[in-house]
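Shown next, in structure tokens, is the structure this report addresses.
Residue numbering restarts at 1 for every chain, and letters A, B, ... go by the order of the sequence lines.
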Number of protein chains: 2
Amino acid sequence: MQRVGIKDLAKHLGISEGTVSRALNNYPDISKATRQRVTEAADKMGYRANPAARRLATGVAEAVAYVMPTRSSSISEPFVAQLLHGLTDALSRRGWDLLVVQSHAPEEEEEALKRLITSGKVSGIVLSRPQKVDPRIELLLKAGFPFIVHGRSSDSRNYAWYDIDSKAAFSAAVDHLMALGHQRIGFIGAPTYLNFAQQRLDGYKAGLLANGLTYDHDLVQIAELSDDGGERAASELLRMDNPPTALLCVTDLQAVGALAAVRAMGLLPGADISVIGYDGLAMGRHTNPPLTTMAQPQAHSGRQLGDMLLSIIDGGKPQEFQILRKAELLRRKSDGPYQTITTPQNHTLTEENL
Amino acid sequence: MQRVGIKDLAKHLGISEGTVSRALNNYPDISKATRQRVTEAADKMGYRANPAARRLATGVAEAVAYVMPTRSSSISEPFVAQLLHGLTDALSRRGWDLLVVQSHAPEEEEEALKRLITSGKVSGIVLSRPQKVDPRIELLLKAGFPFIVHGRSSDSRNYAWYDIDSKAAFSAAVDHLMALGHQRIGFIGAPTYLNFAQQRLDGYKAGLLANGLTYDHDLVQIAELSDDGGERAASELLRMDNPPTALLCVTDLQAVGALAAVRAMGLLPGADISVIGYDGLAMGRHTNPPLTTMAQPQAHSGRQLGDMLLSIIDGGKPQEFQILRKAELLRRKSDGPYQTITTPQNHTLTEENL
DNA sequence: GTTGATTACGAAAGCGCTTTCGGAATAACC
DNA sequence: GGTTATTCCGAAAGCGCTTTCGTAATCAAC
């Protein structure tokens, strides 16, 4: 477990430290023979450059940071683990490290980011959950610091990102619902400073428009990004005089909450009321009923993000690294053809009124 | 965004770099007055020590690594995000960083760990999902490298860990089930090289014993740690000649699979067959029916792990940092009193036979 | 065989901190 | 008022690498 340094290696080979270093870093002024000798000895003796020394000397960190979304809903982010796996995959191929940092309170957020980029700890940053206009992105842009965003802000022209086309997805979801005969489609959204919430709302509107329906503000509820949020929003919507017969939720988490709300009113999700979520949570298979959702192909998002960020750090133009993936409708059992609801609805109403 | 170094600070104050450094690091040989001047100037000018230089000079990394569990089941680890939040919380109070590394294929695992500890990148390690006898733990112990384990291996005397007493939990679950009248309790487990699987099996056995039942090997199935694994195991168990009337699952993920299996046989989970999981997944509220589970109080596990690891790095004796928490039975709707099953069971059997 | 180009390496100066060591200045002691 | 302690700071040597620069040694060219 004894560390072998470049000095040991040099002494062992009878050459200078500088030569060893240059041989290992593929400098052109090293003869093939010595380069060979050095590399062989290096991995025979198990030499690994001390990263701290290397960093100090070169100024490059050989690490990137992932800014985790804020400690969010009651049900913790199921994606994070998967994303991290992908990221570490991509980075480890170069021997780079992944730092995980938390996003702080919005006020400190920028300060924290500034510290991170001046600290020299990382040479790139992965941001997630961008806001519509995100000060962090502007900061990084201005600083000229390499970064990539998981998602997009509203103006996404001049930086790198990886996103799912959720606008298209929500528009398609509306199509689907209307093809099933639904005419009144509720929307359960999230605060639109989060750009993905805006995108999905846009998709919902676009879908309505494309199908000749007019957007009815009363049919949209902005809720918390949690099951409870979805539940509250759904019961709000269903208590209307002329309630929607289908509910489109910005998130699977909200959708399962909506499912609960529907059931709580004595209605059958999928038959009386259709509910569609977004994310493709694996757990959706097990809800009651199984949740129909727009599934995003996020299997390799982490890997992609990592590779793209590395390319940018290598000098690639950020604008050339923008990937937009499509989400697919994953039909399970929470959607179904429109049908008039009679008894249970009244039943519920009388319950409400007592 | 101009980096201000210790040199700038020293020049600005008209004192030597060494003095600045010692002032900032609370050396006793600095007068109160200069210390004050230095610290004030430091944060007025926004000085932050270059971590790489600091690391090189001191030899301490000011970072710890979290070894993520291997890319596991189809449903990605829901805990990871929460744990990371806690860990970063604990670390950030000192300004330390969190490195996330992946655990590799078992063969390379030890090599990777060796590299990690000799690299000097981190001064401590958080391990997760220990095996019954875990070579990684032995390696770290032998190397005298600070670490803490999320979970325990079978011999857990001389290192630090944070674990839930799942043996007690499973024993209590058996108690509960028997109090409900169940006499034949199936167990859906995981490969017992994973120590938590062993612990829970032990708890199951202990529970049976305490209640005067004998352990019946036919009633236990070892399955994959996924919903599908649980589903397969459950249908296996339910197809027996004399099937169990209750199913105890090593994991909530498996339990929701078991739920599906029960329903697939035309039986009603919670009435015909009781199913109990372990973990307290928030999603369990939304399964069909809502899943009864042994919930672990893992809200602050990350924070705890972080704090403990830091204490150990500071020189604390690892043996003094061992925390065992209790899991609580969280009753939802998937368990219920024993009742004889007649029609549906036969119904299913005939379906099977056709 | 002299000159100029080329190749291959050693020497040495950093990178930005920390930490030891020695000594000037001040304080304490009788 | 001389001596011993004490307080406080500067100088300088690293930490383990990288990278520039200079220069022997080899080669090519005539």
Side-chain angles (χ1 to χ4, degrees), chain A residues 2-39 41-42 45-63 95-97 115 117-123, chain B residues 2-39 41-42 45-63 95-97 115 117-123:
Chain A
Q2 199 52 277
R3 255 204 72 81
V4 19
I6 207 172
K7 198 183 301 185
D8 306 307
L9 204 50
K11 200 176 306 172
H12 175 77
L13 290 168
I15 60 183
S16 79
E17 299 180 30
T19 304
V20 172
S21 172
R22 284 186 321 247
L24 257 18
N25 293 312
N26 289 316
Y27 273 61
D29 64 343
I30 297 291
S31 74
K32 255 185 152 24
T34 37
R35 190 193 314 288
Q36 172 108 358
R37 270 180 12 102
V38 172
T39 49
M45 299 178 64
Y47 167 77
R48 329 224 106 226
N50 174 327
R54 196 184 170 86
R55 266 165 223 202
L56 184 55
T58 62
V60 340
E62 306 200 333
W96 282 37
D97 298 318
R115 280 204 302 273
I117 69 184
T118 55
S119 75
K121 286 179 192 166
V122 297
S123 17
Chain B
Q2 199 51 278
R3 255 204 72 81
V4 19
I6 206 173
K7 197 183 302 185
D8 307 307
L9 204 51
K11 200 176 306 172
H12 176 76
L13 291 168
I15 60 183
S16 78
E17 298 180 31
T19 304
V20 173
S21 172
R22 284 185 322 243
L24 259 17
N25 292 314
N26 290 315
Y27 273 61
D29 64 343
I30 298 291
S31 73
K32 256 187 153 21
T34 37
R35 190 194 314 288
Q36 172 109 358
R37 268 177 17 97
V38 172
T39 50
M45 299 179 63
Y47 168 77
R48 329 224 105 227
N50 175 327
R54 196 183 169 87
R55 264 165 224 202
L56 184 55
T58 62
V60 341
E62 307 199 333
W96 283 37
D97 299 318
R115 280 204 301 273
I117 68 185
T118 55
S119 76
K121 286 180 193 166
V122 296
S123 20

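Of the candidates Leu24(B), Asp8(B), Thr39(B), Val38(B), Tyr47(B) forms a side chain to side chain contact (heavy atoms under 4.5 Å, CB included) with just one, namely Leu24(B).
Remark: side-chain polar atoms of Arg22(B) are not paired, donor with acceptor, to backbone N or O of Tyr27(B) under 3.5 angstrom. A donor-acceptor contact shorter than 3.5 Å is absent between the side chain of Arg48(A) and the backbone of Ser119(B).
Minimum atom distance to the side chain of Ala53(A) is reached by dC17(D), of the listed dC17(C), dC17(D), dT19(C). With dC15(C), dC15(D), dT18(C) as the choices, the nucleotide that has an atom nearest any side-chain atom of Lys7(B) turns out to be dC15(C). Set against dT18(D), dG10(D), dT19(C), the side chain of Ser16(B) has dG10(D) as its closest nucleotide. Distance from the side chain of Ile15(A) is smallest for dG10(C) among the nucleotides dG10(C), dT18(D), dT19(C).
Between Arg54(B) and Glu62(B) there is a salt bridge, since a side-chain N of the basic residue sits under 4.0 Å from a carboxylate O of the acidic one.
A sub-4.0 Å separation between OP1 or OP2 of dC15(C) and a side-chain N or O of Thr58(A) is absent. In this structure, Thr19(B) does not reach the dC9(D) phosphate: none of its side-chain N or O atoms is under 4.0 Å from OP1 or OP2. Arg3(A) has a side-chain polar atom (N or O) that falls below the 4.0 Å cut-off from OP1 or OP2 of dC17(D).
Distance Leu56(B) CG to dC15(D) P: 9 Å, rounded to the nearest Å. Taking atom CD1 of Ile6(A) as the reference point, atom P of dC15(D) lies 14 Å away to the nearest angstrom. One interatomic measurement links the two molecules: CG of Leu13(B) to P of dG10(D), which rounds to 10 Å at whole-angstrom precision. In this entry the distance linking CZ of Arg48(B) with C1' of dC17(C) reads 15 Å, nearest Å. Rounded to an integer number of Å, the gap from Asp8(B) CG to dG16(C) P is 9 Å. Atom CZ in Arg54(B) sits about 20 Å away from atom C1' in dC17(D), given to the nearest Å. The NZ-C1' distance, from Lys11(B) to dG16(C), rounds to 13 Å in whole Å.
Here the closest non-hydrogen pair linking Ala10(A) and Ser16(A) is CB-C, 3.9 Å.
Take the nearest nucleotide of DNA chain D for Gly18(B) and for Tyr47(A): the residue whose nucleotide is more 5' is Gly18(B).
The closest side-chain heavy-atom distance from Trp96(B) to Ser123(B) is below 4.5 Å.
Each end of the helix from dG1(C)-dC30(D) to dC29(C)-dG2(D) gets its own axis, taken as the rotation carrying the C1' atoms of four end pairs onto the next four within a five-pair window, and the two axes meet at 40° to the nearest 10 degrees.
Side chain Arg22(A) to base dT20(D): a donor-acceptor pair is found below 3.5 Å.
To the nearest 0.5 angstrom, Leu9(A) atom CG is 7.5 Å from Ile15(A) atom CD1. In this structure, CD1 on Ile30(A) lies 10.0 Å from CG on Asn25(A), to the nearest 0.5 angstrom. In this structure, the separation between CZ on Arg3(A) and CD1 on Ile117(B) is 11.5 Å, given to the nearest 0.5 Å.
Using a 4.0 Å cutoff on non-hydrogen atoms, the parts of residues 23-33 of chain B near DNA chain D are Asp29(B), Ile30(B), Ser31(B), ordered by number.
Nucleic acid contact class of Ser21(B) (heavy atoms, under 4.0 Å, all strands): base.
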When you look at Arg55(A) and Asp97(A), which way does the salt bridge (Lys or Arg N to Asp or Glu O under 4.0 Å) test go after all the steps?
CA-CA 13 Å; Arg55(A) 266 165 223 202; Asp97(A) 298 318; 3.6 Å; yes
